[in-house]
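Both backbone and side-chain heavy atoms feed into the values below; hydrogens, waters and symmetry mates do not. In what follows, chains carry the letters A, B, and so on, assigned in the order in which the sequence lines appear, proteins first and then strands, with residues in each chain numbered from 1.
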Amino acid sequence: AQSVSQHNHHVILSEAASLELGCNYSYGGTVNLFWYVQYPGQHLQLLLKYFSGDPLVKGIKGFEAEFIKSKFSFNLRKPSVQWSDTAEYFCAVNPGGSSNTGKLIFGQGTTLQVKP
Amino acid sequence: DTAVSQTPKYLVTQMGNDKSIKCEQNLGHDTMYWYKQDSKKFLKIMFSYNNKELIINETVPNRFSPKSPDKAHLNLHINSLELGDSAVYFCASSPSYNSPLHFGNGTRLTVT
């Protein structure tokens, strides 16, 4: 069965520190990859996505992620975090191609706390 | 204008009651979804509809019944509510299976 694993459950950083959140998935075929952010008390918002092409994708608010096919990974990065980045971050996968039903499989989420 | 709107935002009810959550999207998307977020913030798909047709029905108790009167609406009816149904329920929509999902603000259901 497909699954998504986020290694960091709770990350605490000071402002201006660099961020990297790990995400690995288990699926052998073509995948679409996503990172969503959920600010406290709000709905999920798309940070960035990867469908094909350049494995380094840039998203909103200075976030980027790199797809490494050989490692089944899609790690999220930001060079300098801000207090406003405090939120829950979710990695998600759905299979691309003809078998895609739109079903997103989410990781467990990573809580990021940025100290001012 | 809210793209995906859910009502109510909060729902507190007693065990055994029947309740409904409504969802509407004004994005013109063909596909709509219901996701459940548990107390540990884990998100799991429950149902999806494409143009009023049921596409995904995960292993959800049959006390949960989705209804899609048209492609802009996907409601969730829950019978005989149980304590374990307490969660945040998110509606979402997308224009196609390969597109990102647009989520509603969620409905926090508390069963006492």
- Task: Could you tell me whether the side chain of A:Leu44 reaches within less than 4.5 Å of the side chain of B:Leu43, counting heavy atoms only?
- Result: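 B:Leu43 vs A:Leu44: side chains touch.
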Answer yes if [X] and [Y] sit in the same cluster of Ile, Leu, Val, Met, Phe, Trp and Tyr residues linked by side chain heavy atoms under 4.5 Å apart, and no otherwise.
{"X": "A:Phe63", "Y": "B:Leu101", "value": "no"}
{"X": "B:Leu11", "Y": "B:Val4", "value": "no"}
{"X": "A:Leu21", "Y": "A:Leu33", "value": "yes"}
{"X": "B:Leu54", "Y": "B:Leu76", "value": "yes"}
{"X": "B:Phe90", "Y": "B:Ile55", "value": "yes"}

Between chain B and chain A, which N and O donor-acceptor pairs fall under 3.5 Å? A table would be great.
{"residue": "B:Tyr35", "atom": "OH", "partner": "A:Leu104", "partner atom": "N", "Å": "3.0"}
{"residue": "B:Tyr35", "atom": "OH", "partner": "A:Leu104", "partner atom": "O", "Å": "3.4"}
{"residue": "B:Gln37", "atom": "OE1", "partner": "A:Gln38", "partner atom": "NE2", "Å": "3.3"}
{"residue": "B:Gln37", "atom": "NE2", "partner": "A:Gln38", "partner atom": "OE1", "Å": "3.0"}
{"residue": "B:Glu58", "atom": "OE1", "partner": "A:Lys103", "partner atom": "NZ", "Å": "3.2"}
{"residue": "B:Glu58", "atom": "OE2", "partner": "A:Lys103", "partner atom": "NZ", "Å": "3.2"}
{"residue": "B:Tyr97", "atom": "O", "partner": "A:Asn94", "partner atom": "ND2", "Å": "3.3"}
{"residue": "B:Tyr97", "atom": "O", "partner": "A:Asn100", "partner atom": "ND2", "Å": "3.0"}
{"residue": "B:Asn98", "atom": "OD1", "partner": "A:Asn32", "partner atom": "ND2", "Å": "2.7"}
{"residue": "B:Asn98", "atom": "OD1", "partner": "A:Asn100", "partner atom": "ND2", "Å": "2.6"}
{"residue": "B:Leu101", "atom": "N", "partner": "A:Tyr36", "partner atom": "OH", "Å": "2.8"}
{"residue": "B:Leu101", "atom": "O", "partner": "A:Tyr36", "partner atom": "OH", "Å": "3.3"}
{"residue": "B:Asn105", "atom": "OD1", "partner": "A:His43", "partner atom": "ND1", "Å": "2.8"}

